[in-house]
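Just so we're clear, the structure is a prediction, and the values are computed from it rather than from any experiment. We use all heavy atoms of the structure for the numbers below, so side chains are in, but hydrogens, waters and symmetry mates are not.
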Amino acid sequence: MKSTFTLIFGERIFSLDVNPGLTHTNRVNGKREVIRGTHWTRWPCHTAERDKRELGHQQWFNHFLLEANISFRGRYDHPPYLPEQIGLGGMIVSLSERFLKAAICEQTEVIATSQGYEVTLPQVYASGNVVAVTVAAEAGGFVVHDNSYAAMLLERSGTVRAASLTREVAAGVEAYGCEVVNMRVVRRCSTLDEVAISLTLVGCASRLIADQALAVDRAPLFDFKAKLLGKVTGLIGADRIEPNRDVTGHLGSRYKIAFAVLSQSNGRPIAFVEPIADPSALPRKFKEFYDISLNESYAGIERVAVLDDSKTFPPGDALLMQEVGSLVRFSDAANMVSQWATVQ
């Protein structure tokens, strides 16, 4: 059972995450340690302390009060989603409507961004990434879209040509009442009552596109990302690589960089690296790098796009990428990595 206990003083200063769905990464002296399962974090909440005990909700509640030095004189009551009948080492013996509804709602999250509200749905792409869609008000109603995430997953899967694939599955997308506009799965609605179902339908249509990576009738393409990651890791070591780094653009859009290169001394990123295995990916990577370049939080961090030597890229698109970052061919990657090897 997942539970979270948090002490907030303007910001989170102390918390206990019991059986969380996500991991926490500690970075100490340039090294990374992934913490899975129950853990504590104390202000500034950068480092997690693992706790391997198996306790009930009330026991965790009491331990949290003790650790936080909180005196509680109220009456403890179990959470509404926790059934009365619990046993067999934590196995749920009886289900309830309230429990199931709360368990599903617990999988959702809503974050306000400059684009509107980003909603995490209780759906998962085949890649393991959760489905998140964005909803915003517009003239005459509301627009819901997947922020091109399905197309991005296709490109990263090795099937690459997301633009042609989205055309092929257009009929399926239309069956969900959606359309593909500029690589985004989009649905519009006119009333608030339609927003919730629109979120679900866009999520389903987005998954339909992303799932084409599982059914492409062609020989699988070489995983260029793995090839590049292997070369960089071999030259500077795995402890200085953070795969799938989450970053944010200046307007709040979220991206997942292929990997970040970390400094030796404090583990902070010194470079964001994106492999580009196909010319069709260049416009998307340009947008991503441009958005990131305007976020002052990433000032001083290199943005590097590495091209697959075996492909031909339009000169104009390649030159455009150089406006927002460094462009390097795979054959020259070793020279680039050797410069990072000495960065403290």
Side-chain angles (χ1 to χ4, degrees), residues 2-4 6 8 12 20-22 79-81 95-155 162-163 165-213 246-256 284 287-288 291 295:
K2 296 196 298 183
S3 303
T4 300
T6 305
I8 296 175
R12 185 179 64 169
L22 301 177
Y81 57 82
L95 296 174
S96 69
E97 293 177 3
R98 184 169 59 180
F99 167 78
L100 291 172
K101 184 175 182 179
I104 293 172
C105 290
E106 200 174 85
Q107 303 300 312
T108 66
E109 184 180 5
V110 180
I111 300 174
T113 71
S114 59
Q115 297 183 11
Y117 291 93
E118 184 177 272
V119 183
T120 299
L121 303 174
Q123 301 179 26
V124 181
Y125 294 106
S127 63
N129 300 91
V130 296
V131 178
V133 299
T134 297
V135 57
E138 64 174 9
F142 307 90
V143 60
V144 182
H145 61 84
D146 74 340
N147 217 11
S148 306
Y149 198 65
M152 180 184 71
L153 289 176
L154 269 186
E155 291 177 357
L165 280 171
T166 51
R167 288 193 293 270
E168 292 170 11
V169 299
V173 173
E174 290 175 4
Y176 285 108
C178 304
E179 59 180 332
V180 179
V181 180
N182 295 327
M183 304 295 286
R184 287 181 172 182
V185 177
V186 178
R187 177 182 170 87
R188 287 180 164 82
C189 56
S190 57
T191 67
L192 276 172
D193 292 339
E194 299 174 276
V195 168
I197 188 63
S198 295
L199 295 172
T200 302
L201 290 171
V202 170
C204 290
S206 183
R207 283 190 56 216
L208 175 68
I209 290 179
D211 285 349
Q212 300 308 301
D246 290 312
V247 299
T248 307
H250 80 295
L251 293 178
S253 296
R254 296 196 294 182
Y255 306 95
K256 196 173 287 291
R284 174 176 300 281
K287 174 183 177 294
E288 179 181 298
D291 200 4
N295 188 335

Give the intermediate values and the outcome of side-chain contact (heavy atoms from CB on, under 4.5 Å) for residues E109 and V130.
CA-CA 11 Å; E109 184 180 5; V130 296; over 6 Å; no
Can you tell which of R184, H145, R188 makes a side chain to side chain contact (heavy atoms under 4.5 Å, CB included) with E179?
R188
Given Y255, which partner from the list T248, D291, D246 fulfils the side-chain hydrogen bond (donor to acceptor under 3.5 Å, both in side chains) test?
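Of the listed options, the one satisfying the test is D291.
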Nearest-0.5 Å distance that lies between atom [atom1] in [X] and atom [atom2] in [Y]:
| X | Y | atom1 | atom2 | result |
| --- | --- | --- | --- | --- |
| C204 | D211 | SG | CG | 10.5 Å |
| D146 | M152 | CG | CE | 9.5 Å |
| T108 | Q123 | OG1 | CD | 11.5 Å |

May I ask you to test the [X]-[Y] pair for a side-chain heavy-atom distance under 4.5 Å?
| X | Y | result |
| --- | --- | --- |
| V180 | I209 | yes |
| C189 | V195 | yes |
| R254 | I111 | yes |

Compare every heavy atom of [Y] with every heavy atom of [X], then report the nearest pair and how far apart it is.
| X | Y | result |
| --- | --- | --- |
| I104 | P122 | CG2-CG, 4.0 Å |
| F142 | T191 | CE1-C, 3.8 Å |
| S206 | V185 | CA-CG2, 4.0 Å |
| V202 | R187 | CG2-CB, 3.6 Å |
| I197 | E194 | CG2-O, 3.2 Å |
| T113 | E118 | CG2-CB, 4.3 Å |

Between K256 and Y149: side-chain donor-acceptor atoms closer than 3.5 Å
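There is no such pair (donor and acceptor under 3.5 Å, judged by atom type) between the side chains of K256 and Y149.
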